Amino acid sequence: MNRVLEIAGLVKTFGGLTATDNVSLTVNSGEIHALIGPNGAGKSTLINQICGELQPNAGQIHLAGRDVTHLSAADRVGLGLGRTFQITSLLDEMTVRENLGLAIQAREGSNFHIFDRAATRSEVWNETDEILSGSALGARSKVMVGDLAHGEKKQLELLMALSQRPRVLLLDEPMAGLGHIESQQMIASLRAARSECAMLLVEHDMEAVFALADRISVLVYGRIIAAGTADEIRADPAVREAYLGEEDA
Amino acid sequence: MILLFEQLLNGLQYGVTLFLLAAGLTLIFGIMGVINLAHGALYMVGAFAASWVAIQTGSFWGGLLTGLVASGIAGIVVELGVMRRLYARDHLDQVLATFALILIFNQTTVLIFGRQPLFTSTPEVLSGSIEILPGLPYPTYRLFVIAVGLAVAIGLYFLINKTRVGMLVRAGASNRQMVRALGVNIQGLYTAVFGLGALLAGLAGVMASPIVSVQVGMGDEIILATFVVVVIGGVGSVKGAFVAAIALGMFDTMLRAFLPATLQQVMPGPEAQALGVGISSMGIYLMMALVLLVRPRGLFAGRG
Amino acid sequence: MKRENLLLLVVFILLALVPFAAELTGQSSWIKLVGQALIYGMAAASLNFILGYGGMVSFGHAAFFGIGGYVVGMLYHHFDAGTLFLGFIPGTDQMLITLPAAIVAAGLAAALVGALSLRTGGVQFIMITLAFAQMFFFLFISLKTYGGEDGIMVRRTNSLPGLNMKDKATLYWVVLGFAAAYYLFLRRLVQSSFGQIIAGIRQNERRMAAMGISTYRYKLYAFILSGMGAGLAGALMVNFLRFASPDMMHWSRSGELMVMVILGGVGTLAGPFIGAGALFTLETMLARVTEHWMLPVGILLLLVVLTSKGGLMALARKIMGGTK
């Protein structure tokens with residue numbers, strides 16, 4: 001098995017509070033690894049450390065065999081780390097097409113050119129139009145992102161993240177705020193994308209987790225209390241007590 | 001040695017003046033999130049009102065009262081008329097609107113008082129000097145300014161830490177959303193805080209009026225130093241404003257007092273003088289740049 | 001697109017005709033007024049690139065304007081006195097040398113200020129840029145060699161081969177040429193790959209970082225480009241007025257440049273030029289009528305900020321019923 005993302009002994013404290021308590025986990029290539037846990041378990045803190053927005057107090061993060069613990073967020077993206085945001089984060093004053101185009105332009109480089117015309121870079125716009133026409137957003141390409149529905153924004157974020165051709169994609173609650181039909185669409189999109197990259201899926205929606213995940217880790221109070229396949233997690237007494245138990249009771 | 005001590009006291013006096021200005025500014029910054037370049041204009045209003053009344057009536061104390069009332073009213077009018085519309089705007093609009101206020105305040109003052117500076121004398125009770133160390137007489141009035149400044153600092157400490165209004169102010173300075181969520185009369189709180197800030201700025205102006213020349217534009221010079229204090233201290237922190245104001249007041253005074261003479265020992269006279277004054281003027285800005293490089297949000301930053 | 005170019009051409013021709021109109025009507029001060037407005041327009045447009053397109057509220061832009069101006073003044077001073085700058089650089093009065101030198105010097109200063117300031121954001125960024133500008137202001141005040149507070153008189157405008165720069169109209173046309181070229185440069189810049197990245201950073205810096213963009217480097221590059229533009233404008237101004245003084249970098253000058261940008265329209269190409277023209281004309285007109293011209297200017301500015309979004313450009317679009 002080829003480990004795309006490897007986290008070892010990660011610790012993050014805020015004042016007296018330990019938000020990430022010696023967390024280790026791996027994401028193998030071609031795998032969807034789900035990270036679940038109750039609110040306040042430290043999932044977002046963990047994601048932000050993997051992305052490079054927060055520096056851990058201890059531990060290492062390896063991306064495709066390379067130590068990226070002290071690299072900037074942007075440099076990690078360059079090495080193949082993609083992400084989506086829990087609260088969608090897009091360029092609201094640009095259209096759908098311009099958002100995706102800018103993502104592809106960012107990947108293609110030559111971004112310090114000041115005498116070219118961004119609007120005529122065929123390598124950018126051919127790919128943009130191709131991706132859009134193959135997606136549910138094809139008909140919405142000229143719409144301002146600020147005017148999109150929530151579900152459409154989530155879809156666009158996923159398209160932009162995938163357009164970076166990441167080795168591993170961090171999905172921070174991709175189902176959050178989606179209705180039933182939109183959730184089904186998102187699950188289908190993620191399933192279709194699994195051939196392109198590995199994923200670390202942080203999610204509350206257990207239906208989606210059980211539908212998608214190859215392995216599941218359970219984070220409670222900053223600590224991983226269990227890890228395994230969906231069936232193993234369902235059967236784990238510690239998980240039932242600490243987490244699933246809440247819902248059963 | 002005695003000269004050094006005297007300059008330290010001068011620095012302290014400048015420092016408390018800066019604090020009177022910075023305390024209001026940092027609260028306004030922290031609670032309403034608004035940049036008020038025109039805060040120095042309120043200082044000018046206080047100084048002019050006080051000087052004019054003092055000259056007309058011969059009473060410093062009457063001037064003091066008038067200055068406080070005038071600056072407080074000016075502050076409340078500005079809050080109701082202009083600031084209120086700026087809270088939700090971005091910093092750029094705030095900078096420009098308050099820049100416009102400076103123009104308006106300065107020109108209105110010229111229209112009323114002309115361009116000639118006003119001069120007032122210190123009240124008789126405080127006009128002498130006190131020998132605080134053997135061989136060092138120090139003007140009583142300046143000691144009075146220091147005492148008033150420190151008293152205000154202590155008063156603000158109690159107001160902010162021991163009263164309900166203070167609790168709201170503290171909560172507002174560190175987390176604006178929280179105060180909104182508490183459901184208090186936010187507009188009233190804003191007006192009160194702005195009025196208090198204006199009052200303190202006016203007090204600084206009144207206190208300075210017998211020491212500096214009271215003229216149009218006097219607020220523009222000191223407001224920049226005040227901003228440096230607020231930013232170094234950490235936006236929203238009155239404690240930070242106090243520490244930074246005293247430190248910068250001393251630092252600035254020391255540089256101006258001793259740097260030109262020091263330079264004259266290694267350079268020809270007039271050039272050393274000019275360079276010394278220039279570098280002294282740069283001192284506080286240099287300090288701010290250095291502090292922000294180490295702590296990008298200032299020394300006592302509230303909001304994370 | 002075509003209509004826009006046509007409009008630009010018409011405006012350019014009208015501006016080029018100003019010296020003739022001035023001669024016909026005997027209003028020779030028009031040349032000076034329009035020329036200065038064009039130069040301020042360039043400075044404001046350079047600020048607008050980081051402020052309007054890049055979202056960086058710099059309150060110290062006049063520093064780069066002043067530095068560009070001082071380069072021209074200082075080179076002329078050494079040329080005139082036959083001395084060497086720093087002991088090894090001879091002075092010159094050749095515009096083909098002084099302008100590039102001014103651009104480079106302003107760019108270096110912007111690199112220094114930007115590299116340090118861009119580590120902060122928000123209010124702190126506004127204040128630290130102001131602080132650096134104040135440092136430059138006091139630095140030049142303290143340089144007795146270059147006139148201290150009084151500044152440097154440049155007795156003769158820099159020469160350009162083949163042109164009689166003593167002629168007011170010729171000098172005006174040179175300024176107009178630079179302003180037009182700078183406008184076209186900015187138009188290209190905002191449409192370039194780099195310009196798009198900068199626009200993205202203004203809207204959502206975190207998103208751009210998630211695309212692998214090292215936002216700090218891009219912002220710094222933009223800051224330097226912008227400073228260079230201001231340096232060019234300052235150098236032209238000193239040539240135009242034959243005078244360089246610390247006043248050029250006073251903090252109220254930085255405020256004025258921001259006013260021009262807002263008045264004309266943030267994040268538009270023509271806005272800063274329109275804003276500069278409007279403010280400068282208004283100031284000049286009012287100054288003839290009353291010595292208290294700052295009062296109406298202040299009231300007008302306050303009204304513009306409080307009541308309108310988008311400045312004069314938005315107003316013009318509304319009236320013309322144009323798209324976009």
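What you are looking at is a predicted structure, and each value in this text was computed from that prediction instead of being measured. Heavy atoms only: backbone and side chains are in, while hydrogens, waters and symmetry mates are out. Letters go in sequence order (proteins before strands), and every chain restarts at 1.
Here the straight-line distance linking atom CZ of A:Phe112 with atom CD1 of C:Ile197 works out to 9.0 Å at 0.5 Å rounding. With values rounded to the nearest 0.5 angstrom, A:His113 atom NE2 is found 15.0 Å from C:Gln196 atom CD. Here the CG atom belonging to A:Asn111 is positioned 4.0 Å from the OH atom belonging to C:Tyr218, to the nearest 0.5 angstrom.
Of the residues considered (C:Ala209, C:Ala210, C:Ser192, C:Gly195), C:Ser192 shows the highest number of contacts with chain A, using heavy-atom pairs under 4.5 Å. Of the residues considered (A:Arg83, A:Arg76, A:Glu93), A:Glu93 shows the highest number of contacts with chain C, using heavy-atom pairs under 4.5 Å.
Only the side chain of C:Arg202 has a heavy atom closer than 4.5 Å to any heavy atom of chain A. Contact annotation for A:Glu108: neither backbone nor side-chain heavy atoms come within less than 4.5 Å of a heavy atom of chain C. There is no contact between A:Ser72 and chain C, counting heavy-atom distances below 4.5 Å. Within the 4.5 angstrom heavy-atom criterion, only side-chain atoms of A:Gln105, from C-beta onward, approach chain C. If you measure heavy-atom distances from C:Leu225 to chain A, the contacts under 4.5 Å come from the side chain alone.
Open room surrounds CZ on A:Arg66; 12 or fewer heavy atoms of other groups in view lie less than 6.0 Å from it.
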(request) Might you work through the side-chain hydrogen bond (donor to acceptor under 3.5 Å, both in side chains) test for A:Arg121 and C:Ser193, ending with a clear yes or no? (result) CA-CA 9 Å; A:Arg121 286 176 66 170; C:Ser193 295; 2.7 Å; yes

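At a threshold of 4.5 Å between non-hydrogen side-chain atoms, the residues C:Arg188 and A:Ile114 do not count as touching. C:Arg207 places a side-chain heavy atom less than 4.5 Å from the side chain of A:Glu157. Within the 4.5 Å cutoff, the side chain of C:Met211 has no heavy atoms near those of the A:Arg107 side chain.
Contact annotation for residues 194-202 of chain A against chain C (heavy-atom separation below 4.5 Å): no residues qualify.
One N or O on the side chain of C:Asn204 and one on the backbone of A:Leu90 form a donor-acceptor pair closer than 3.5 Å.
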